[in-house]
J.: 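Let me begin by handing over the structure; questions about it come next.
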2 protein chains.
Amino acid sequence: MDDLTEMLKGTLEGCVLEIIGTEETYGYAITRRLNELGFADVIEGTVYTILLRLEKNGLVQVTKRPSAVGPPRKFYALSATGREELATFWAKWQYVSSRINKLKEGGR
Amino acid sequence: MDDLTEMLKGTLEGCVLEIIGTEETYGYAITRRLNELGFADVIEGTVYTILLRLEKNGLVQVTKRPSAVGPPRKFYALSATGREELATFWAKWQYVSSRINKLKEGGR
DNA sequence: AGCGGTACTCAGTAATACGGAGTACCGGAG
DNA sequence: CTCCGGTACTCCGTATTACTGAGTACCGCT
């Protein structure tokens with residue numbers, strides 16, 4: 001599948017929130033997870049940009065922990081605001097995707 | 001539903017293509033149609049931006065016709081390239097939305 | 001000592017959608 | 001007849017978001 005980047009705008013942040021919400025984790029691993037999920041050309045730089053934004057907006061709490069295989073990792077966990085934001089994201093996704101599917105089915 | 005604009009990035013152009021593909025139509029009417037469909041805060045300026053881009057990229061053919069109730073309308077119809085682009089759009093949508101739904105279901 | 005893999009930061013660029021001002025055409029109310 | 005609201009399009013500037021690429025740094029293994 002070729003370039004999906006434009007279509008991911010506005011949803012990638014939500015995906016990252018969901019991943020963090022499932023399990024406390026860190027940037028490098030989140031990137032791997034997204035790649036596994038099929039978002040092959042999502043790159044580290046992009047994920048770190050999102051994580052810094054989430055942190056700045058108070059949606060996540062950060063804990064730095066040493067790693068046995070490299071430099072220290074920044075582990076992210078959702079804050080209360082982050083959980084709200086995640087719920088809002090899924091509500092919007094539900095709304096938008098249902099409308100688009102209706103349009104696709106030729107609904108009027 | 002509050003601000004959906006970021007989530008629409010990358011999909012709005014495809015929606016406009018789909019609307020044009022269903023029926024030859026013009027900018028003002030496309031805006032009304034999108035609003036009807038639930039994309040309430042999509043605004044004329046946005047749609048016209050997309051239409052000019054589609055025209056520039058050769059995805060549509062344009063015919064100007066007089067109107068009884070206002071200034072002349074620019075009617076848009078898909079070109080062959082536009083039909084291909086529309087098919088690609090739906091393929092991408094299918095791909096992306098299925099991955100996101102899988103993530104939502106906690107799939108791994 | 002150096003290399004490959006792990007891990008994060010940051011500055012610059014491109015694409016997309018919104019906002020708002022401007023132009024212009026039409027019919028009906030006053 | 002003039003003005004106003006609805007129809008219809010254009011253009012410029014702004015904000016957000018994701019990608020690119022270069023840079024820094026830690027670790028274990030050869």
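Here is how names work: the chains are called A, B, and so on, in the same order as the sequence lines, proteins then strands, and each is numbered from 1. These values consider heavy atoms only, across backbone and side chains, with no hydrogens, waters or symmetry-generated copies.
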J.: Measure the distance from CZ on Arg32(A) to P on dG5(C) and round it to the nearest whole Å.
T.: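 The answer, rounded to whole Å, is 11 Å.
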J.: Between the base of dA15(C) and the side chain of Lys9(A), is there any donor-acceptor pair under 3.5 Å?
T.: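 Yes.
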J.: Students often get this wrong, so: under 4.0 angstrom with heavy atoms, is Ile50(A) touching a base, only sugar-phosphate, or nothing?
T.: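 Contact class for Ile50(A): sugar-phosphate only.
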J.: For Leu54(B) and dT16(C), give me the distance from atom CG to atom C1', rounded to whole Å.
T.: 13 Å
J.: Going 5' to 3' along DNA chain D, between which two nucleotides do contacts with chain B fall, using a heavy-atom cut-off of 4.0 Å?
T.: dT7(D) to dT17(D)
J.: State whether Arg53(B) places a side-chain N or O below 4.0 Å from either non-bridging phosphate oxygen (OP1 or OP2) of dA15(C).
T.: no
J.: Whole Å only: how far is the CD atom of Glu55(A) from the C1' atom of dC8(C)?
T.: 12 Å
J.: Is there a path of hydrophobic side-chain contacts, each under 4.5 Å between heavy atoms, that joins Tyr48(A) and Phe75(A)?
T.: yes
J.: Applying the side-chain contact (heavy atoms from CB on, under 4.5 Å) criterion to Arg33(A), which one of Ile19(A), Thr22(A), Val16(A) satisfies it?
T.: Ile19(A)
J.: With a 4.0 Å cut-off on N to O distance, would you call Glu44(B) and Arg32(B) a salt bridge?
T.: yes
J.: Quick one: what's the B/S/- string for nucleotides 25-30 of chain C, heavy-atom cutoff under 4.0 Å, read 5' to 3'?
T.: BSS---
J.: For Leu78(A) and Arg83(A), work out which heavy atoms get closest and say how close.
T.: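 Leu78(A) and Arg83(A) have their closest heavy atoms at O-NH1, 3.6 Å.
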J.: When the distance from CG of Leu52(B) to P of dA15(C) is rounded to whole Å, what number comes out?
T.: 16 Å
J.: Which part of the nucleic acid, if any, lies within contact of Ile43(A), taking any heavy atom under 4.0 Å across all strands shown: a base, the sugar-phosphate backbone alone, or nothing?
T.: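 Base, at least one base heavy atom under 4.0 Å.
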J.: Rounded to whole Å, please give me the gap between CG in Leu12(A) and C1' in dT16(C).
T.: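 Between C1' of dT16(C) and CG of Leu12(A): 16 Å.
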J.: Which nucleotide, dT16(C), dC8(C), dC18(C), lies nearest any side-chain atom of Asp41(B)?
T.: dC18(C)
J.: Drop me the distance from Tyr28(B)'s OH to Ile30(B)'s CD1, to the nearest 0.5 angstrom.
T.: 13.5 Å
J.: Nearest-Å distance, CD (Glu13(B)) to C1' (dA15(C))?
T.: 10 Å
J.: Mind running a 4.0 Å heavy-atom check of residues 82-98 of chain B against DNA chain C and sending the residues that fall below it, in number order?
T.: none
J.: Between Thr11(A) and Met7(A), which heavy-atom pair has the shortest distance, and what is it?
T.: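 For Thr11(A) and Met7(A), the tightest heavy-atom pair comes out as OG1-O, 3.9 Å.
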J.: Give Leu51(B) one of three labels, base, sugar-phosphate or nothing, depending on what nucleic acid heavy atoms sit under 4.0 Å from its own.
T.: nothing
J.: Counting distance only, does the side-chain N/O of Lys92(A) pair as donor-acceptor with the main-chain N or O of Asp3(B) below 3.5 Å?
T.: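 Checking the backbone N and O of Asp3(B) against the side chain of Lys92(A), a donor-acceptor pair under 3.5 Å is found.
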J.: If you round to the nearest 0.5 Å, how far is NZ of Lys74(A) from CD of Glu55(A)?
T.: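 Result: 4.5 Å between the selected atoms.
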J.: Where the side chain of Ser79(A) meets the backbone of Leu59(A), is there a donor-acceptor pair that is under 3.5 Å apart?
T.: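 Yes; judged by distance alone, with no hydrogens or angles, the pair exists.
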J.: So, taking the atom named CZ in Phe89(B) and the one named SG in Cys15(B), what distance separates them when rounded to the nearest 0.5 Å?
T.: 5.0 Å
J.: Is the side chain of Tyr95(B) donor-acceptor paired with the backbone N or O of Gly38(A) at a distance under 3.5 Å, no angle test?
T.: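 A pair under 3.5 Å: yes.
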J.: Measure OH/Tyr26(A) against C1'/dT9(C) and give the value in whole Å, please.
T.: 18 Å
J.: Under 4.0 Å between any heavy atoms, over every strand shown, what does Thr5(A) touch: base, sugar-phosphate, or nothing? Just pick one.
T.: sugar-phosphate
J.: Once you round it to whole Å, what is the distance between C1' of dA15(C) and CD of Glu6(A)?
T.: 4 Å
J.: I'd like to know if Glu105(A) pairs up with Lys102(A) as an ion pair, taking the criterion as any Lys NZ or Arg NE/NH1/NH2 lying under 4.0 Å from an Asp or Glu carboxylate oxygen.
T.: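 No salt bridge links Glu105(A) with Lys102(A).
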